[in-house]
Every structure is written in C-alpha cells, then in structure tokens.
Amino acid sequence: MNGKFPQHFLWGGAVAANQVEGAYQADGKGLSTSDLQPQGIFGAITPRTAGDSGIKDVAIDFYHRYPEDIALFAEMGFKCLRTSIAWTRIFPQGDEETPNEAGLAFYDRLFDEMAKYGIQPLITLSHYEMPYGLVKHYGGWGDRRTIDFFERYARTVFERYKHKVKYWLTFNEINMSLHAPFTGVGLPPESDKSAIYQAIHHQLVASAKAVKACHEIVPEGKIGNMLLGGILYPLSCKPEDLLETQRQNRDWLFFGDVQARGYYPAYMQRFFRENGIQVAITEEDRRTLRETIDFISFSYYMSGCVTADPEQYETARGNILDMVPNPHLASSEWGWQIDPIGLRYLLNVLYDRYQKPLFIVENGLGAKDRVEADGSINDDYRINYLNDHLVQVAEAIDDGVEVMGYTSWGPIDLVSASKAEMSKRYGFIHVDRDDAGNGSLERRRKKSFYWYRDVIHSNGASLKDRR
Ligand code: BG6
C-alpha cells in the first residue's frame with residue numbers, strides 16, 4: 001500500500017443518540033421525531049402513549065452504560081467518537097427560552113469520560129431527529145421560526161461545550177429529506193416538492209447560522225456538513241445515461257454545493273422551474289448562506305447506477321434510495337451493494353469539487369452475527385469489508401485527497417435507522433439484545449475488535465491489499 005494515513009488521522013467510530021442512548025424520557029427529555037418512529041425511518045409515524053414501548057426506548061442503554069462503552073472504544077485506541085446530541089434533552093419541546101440543565105449535564109459527563117482517554121468528540125447537532133413539539137406546533141422545518149429555535153439550541157451547546165468539543169457537524173445526511181421528509185425536516189411523508197425544498201432551504205440557512213455561531217464561540221472549532229454520499233454511475237456509456245447520472249448526482253451534491261460554496265448552484269434554477277418548485281429565499285438568507293463549512297463529512301455504504309431507460313429501471317434495496325443495481329458488485333444481506341473502489345472515487349469527486357478537507361464519518365457492514373458456543377464471534381465478512389474500504393481510503397490519500405479521519409458506523413451494535421432492527425449489526429462490540437428487545441445488554445468483543453485495534457495501532461499499516 002502506497003498511501004499513508006497522516007500522523008494525526010482521526011480513527012474512530014460513529015453512533016447517534018436515538019440509536020444508542022435509550023432513556024427516551026429520562027431527566028426531562030422531550031419526545032423527538034425519532035421517538036414517533038419506533039419501527040424506524042421506513043415504519044409508520046406512531047403517536048406515543050404512556051407505557052407503550054419501542055426498541056429505541058432502551059436501545060443499547062448507552063445513556064447509563066457509556067463509561068463501559070467508552071472504555072472499550074479506548075481499548076481499540078479510538079482517537080475520535082462521533083455521536084449526536086439529542087436536541088430534546090436540551091430543549092424538550094424545542095421552543096423553550098431556557099435549556100434543560102439535566103440534559104446538558106449528561107453530555108458534560110459523556111464528554112468528560114471521553115476526555116479521560118483522549119478521545120475527541122465529533123458531535124452532530126441533529127441526527128435524524130428534532131423535537132416533536134416543533135413539528136406539532138410549527139410544522140417542523142416548514143416554518144422559518146424553526147431556524148431561530150435551532151440557532152438557540154446550537155449556540156447553547158457551543159457555549160456549554162466549547163472547551164470540550166472541537167469538531168461539529170450540522171445535520172446528518174441532510175440530503176435524506178428528499179427521501180424521508182418526516183425524518184429530515186419534520187414534514188408529512190406525502191408533502192409536495194415545493195414544501196420539501198422550502199423546508200430544506202430553512203435547514204440550509206440554519207446550518208449556515210450554526211457555522212457562524214461555531215466560528216464565533218468555539219475556539220479552534222471546526223464545523224462540517226454531513227452528506228449521504230450516494231454516488232451514482234451510469235449503467236451504460238450511452239450519453240443519455242451519463243447525463244441522467246449527472247442530474248441525479250446533483251440531487252444530493254446540491255446540498256454540499258450550498259454548504260461549501262455559500263450559494264445556490266446555477267443548475268437548481270432550471271430544476272426548480274421545470275419541476276414547478278417555488279422556494280422563498282430572502283436577500284438576508286442569501287447573505288447568511290455565505291458562511292461556509294470548514295470541512296465536508298459524509299457517509300458511504302454503497303454506490304448505485306442510473307439509466308435513462310425507464311424499462312430497464314429495476315430498484316435495488318438500498319438505504320431509502322432506489323438505486324439501479326450494478327451487475328459487477330456483490331451485495332450485503334440487506335441488499336446494499338459493496339463497492340470499496342467507489343469510496344476512493346467519491347473522495348476524489350468531493351475533493352475535486354470543493355477542495356476542502358474530507359471526513360468519512362460513516363461506513364460499515366450491517367450483517368447478522370453468530371455467537372459460537374465458546375462465546376466468540378468470528379466476523380471476517382466485516383473485517384474484509386472495512387479492510388477493503390480503508391485500503392481505498394489510503395489510495396485516495398495517495399491521490400492527494402485530504403482526509404481528516406474515519407469513523408466506522410456502529411462500532412458497537414445499535415438499533416438500525418431504517419427498520420429499527422438489532423439483528424442488523426455493525427459493531428466491533430456485540431450487544432446481547434434481539435429485535436424483540438430480549439437480552440441482557442451484555443457487551444462482548446468480536447474478532448473485528450482486535451482487528452480494528454491493530455489497524456489503529458499501526459496507523460493503517462496492518463491493512464491488507466486483497467485485490
Ligand atoms: C445512515 C444513518 O443512513 O446509515 C445512520 O446516518 C444509519 O443513522 C446508517 O444507522 C445505517 O443504516 P441502517 O438502516 O442500516 O441503520
């Protein structure tokens with residue numbers, strides 16, 4: 001392997017509050033949109049009543065067990081842990097004037113625990129959840145006032161944790177709102193395109209306001225966006241397929257373009273016009289958007305293909321995205337196509353486009369694991385997946401791409417986002433809990449735990465080029 005990981009490369013893992021913490025009503029926490037999706041992003045939106053329960057209500061009980069989990073991450077040598085703050089722990093309904101002290105105190109304890117081991121927090125302000133109060137009373141991100149509520153929340157946590165947290169992200173997979181409007185912007189799933197893009201616009205303005213606030217408040221702070229890096233290839237070399245691929249890649253690159261460049265790209269004018277989309281953008285909004293992010297972060301699980309021919313269109317089971325399957329790639333048990341080279345390609349695409357440092361903040365394999373009679377879990381499939389992707393990261397570094405770090409998704413088993421399953425496991429650490437919520441919650445090291453420890457310890461030198 002030629003590519004060398006930089007000396008201060010941020011190795012680690014990534015989780016999200018609503019997929020690990022549980023304690024969904026503890027210490028004054030309000031209900032979030034995630035609490036209304038007990039079956040995950042693809043499940044129904046369910047009103048909560050006292051006494052009902054969903055798998056996420058306890059999740060893996062990280063709220064109470066974080067010291068044990070952080071110690072295990074430290075044992076692997078993590079330099080960085082990505083998690084999110086649950087907005088509803090800080091502002092339970094979203095529109096309060098003053099924050100909830102008990103919620104703030106929890107994250108103080110969490111960040112202090114990480115600091116004991118020298119693990120840098122990378123904090124997402126909003127990971128697939130917002131206060132349900134804002135949805136109920138204001139219509140979520142459809143209402144401009146949500147920008148102010150978010151800014152208040154962002155300024156509150158920047159002030160509180162400015163000496164503990166240097167790295168921040170605004171909205172998780174901000175482009176997902178196009179596919180899951182309730183999860184992304186708190187709008188009903190059947191909302192029309194104008195409503196969705198208006199809400200997205202408000203969120204982009206809020207993101208820029210958070211960037212400005214971070215720059216003002218957090219000394220040495222760095223703040224990035226977070227994109228679902230759903231890179232698409234043309235299914236054939238037909239010019240029509242190429243053009244359609246460019247169009248569909250722009251659907252998600254649009255978000256990065258606004259956040260990294262500070263203005264709406266020219267191609268969106270035609271897109272809005274031809275799709276009858278009306279978005280109200282004020283002059284002040286345009287000025288606000290000029291405050292741009294310091295780095296680009298993204299998730300990468302799979303690539304997909306595009307064809308301009310509707311007859312050939314056949315959908316693959318993707319993470320909310322309906323991608324055409326690539327005939328040259330194998331798939332995971334959940335039908336996600338495995339494409340390590342796609343990660344090198346994506347890193348190059350993003351670096352060519354933005355010339356900003358990149359941070360891979362999610363990548364991993366969701367798979368069923370078997371616990372052997374002796375208690376071991378031999379997850380070679382996960383090791384191979386991660387190894388091959390990291391080899392491609394090294395290649396991209398050798399290509400000249402500036403990569404800040406890599407946080408694999410779900411270093412400890414957690415509740416999956418799309419269908420709220422425990423059996424779709426990503427972890428180096430096994431958690432004893434099944435899809436029905438049975439289990440002791442006991443933690444157990446998998447084979448990949450030791451593998452990742454060696455990768456971090458050797459700063460990538462132990463990776464194997466298996467091509
Ligand atoms: C990303 C999300 O889309 O993919 C995570 O940011 C999510 O929250 C991850 O967990 C994997 O998806 P899933 O559905 O397998 O959990």
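Whatever order the structure lists ligands and atoms in, that order sets their numbers, starting from 1. Along the sequence shown, residues carry numbers from 1.
- At a 3.5 angstrom cut-off on N or O pairs, Q19 counts as close to ligand 1.
- Taking a cutoff of 4.0 Å between a charged side-chain nitrogen and a carboxylate oxygen, K447 and D380 qualify as a salt bridge.
- Two residues are said to be in side-chain contact when any heavy atoms from C-beta on lie closer than 4.5 Å; I223 and F158 meet this criterion.
- N18 and Y128 share no side-chain donor-acceptor pair at under 3.5 Å.
- The closest approach between H127 and ligand 1 falls below 4.0 Å for a heavy atom of the residue.
- Interface atoms of ligand 1 facing E173, defined by a heavy-atom separation under 4.0 Å, are 1 (C), 2 (C), 3 (O), 6 (O).
- In this structure, W334 does not count as a contact residue of ligand 1, since none of its heavy atoms falls inside 4.0 Å of the ligand.
- Residue contact check: Y426 has heavy atoms under 4.0 Å from atoms 11 (C), 12 (O), 13 (P), 15 (O) of ligand 1.
- Of the candidates Y300, W409, W336, Y128, W336 brings a heavy atom nearest to atom 12 (O) of ligand 1.
- Y197 and N275 form no side-chain donor-acceptor contact under 3.5 Å, judged by distance and modelled atom types alone.
- Checking Q19, M422, E21, R65 one by one against I60, the side-chain contact (heavy atoms from CB on, under 4.5 Å) holds for a single residue, M422.
- In terms of polar-atom proximity, V415 is not counted as a contact of ligand 1, lacking any N or O under 3.5 Å from an N or O of the ligand.
- If you look at K419 next to ligand 1, there are no close heavy atoms at all, none under 4.0 Å.
- A cation-pi contact, defined as under 6.0 Å to the ring centre and within 45° of the axis, is absent between R250 and F271.
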